[in-house]
Amino acid sequence: MKFLASIALLAATVSAGPLASRAPKQFTLKTSGAKNDAHNDLYLYSYHTGAGLSDAVFSDGTANSAHVYLNGTEALVDLGNTFSWGIVAGGDNSYSSWDSVEINAGASSKGFSIKDGNFIWTRADGFGGWLVCDWVHNAPQLFYLHKSFEGDLPSSCDKVDLKPEY
Ligand SMILES: *[C@@H]1O[C@H](CO)[C@@H](O)[C@H](O)[C@H]1NC(C)=O
C-alpha cells in the first residue's frame, strides 16, 4: 500500500513538474478600482475589427474573455489559433493624452509585466495607467493614459487597474 502510494506520488510529481513549468500560465484581465462601478469586474476580450486585428474591449463574465500570457515582456493572447495574438499599445503620439490598445495577430508591444498584483505596461516616456471608456463598439474599451496627462477625462471614462485572474 505504502509502495503504491509512493508510485502514485512519483507519477504525479513527474507529470506536474516539467510540463507545468514549461506551459505559460494564462490569465484573464479583470477591471478594478473604477469610480463608476459599471466599469468594475469586467473581463477583457478581443473584439474583431479586421483580418488579424481586434480592439481590446470588456464584457461582464468570462465566457469570451481573452486568455493572456507573458512571454518575456510581451503579452500574448491565446485565441485558439495556431498563431499567437498579442496586446499592442498603439499610437505612441506624445501629443495625445491617451492612446488605443489592440489585440493583433503576430504582434505584441514589449514592456508588460505583473507588479503588486496588477498588469502594467512600462514605456520610455511614462505610463499613466489604464483607461476604460464606453466607446465605438458600444462597449467599454481599453486605452492607456500618457504619464503627462493632467486634466479631466470624458465622463464615459474611468481609470482602472487590470488584475490578472488565474
Ligand atoms: C517567445 O519569445 C521568444 C523570444 O523572443 C520567441 O522566440 C518565441 O517565438 C515567443 N513565443 C511565442 C509563443 O510567441
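Read the numbers this way: they start at 1 and go in the same order the structure lists the ligands and their atoms.
Inspection of the Ser46 and Ser54 side chains reveals an N or O donor paired with an N or O acceptor under 3.5 Å.
Within a 4.0 Å radius of atom 5 (O) of ligand 1, the protein contributes no non-hydrogen atoms. Of the protein's heavy atoms, at least one falls inside 4.0 Å of atom 11 (N) of ligand 1.
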side-chain contact (heavy atoms from CB on, under 4.5 Å) assessment of Lys159 paired with Leu145: CA-CA 9 Å; Lys159 289 187 75 167; Leu145 279 167; 3.7 Å; yes
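Among protein heavy atoms, atom 14 (O) of ligand 1 sits closest to Leu76 CD1, 3.3 Å.
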Sequence neighbours excluded and cut-off under 3.5 Å, please list the side-chain donor-acceptor pairs for residues 132-142, or say none.
from, atom 1, to, atom 2, distance (Å)
Asp134, OD1, His39, NE2, 2.9
His137, NE2, Asp55, OD2, 2.6

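Between Ile87 and Phe119 there is a side-chain heavy-atom pair separated by less than 4.5 Å.
Checking only distances, Asn71 does come within under 3.5 Å of ligand 1, N or O to N or O.
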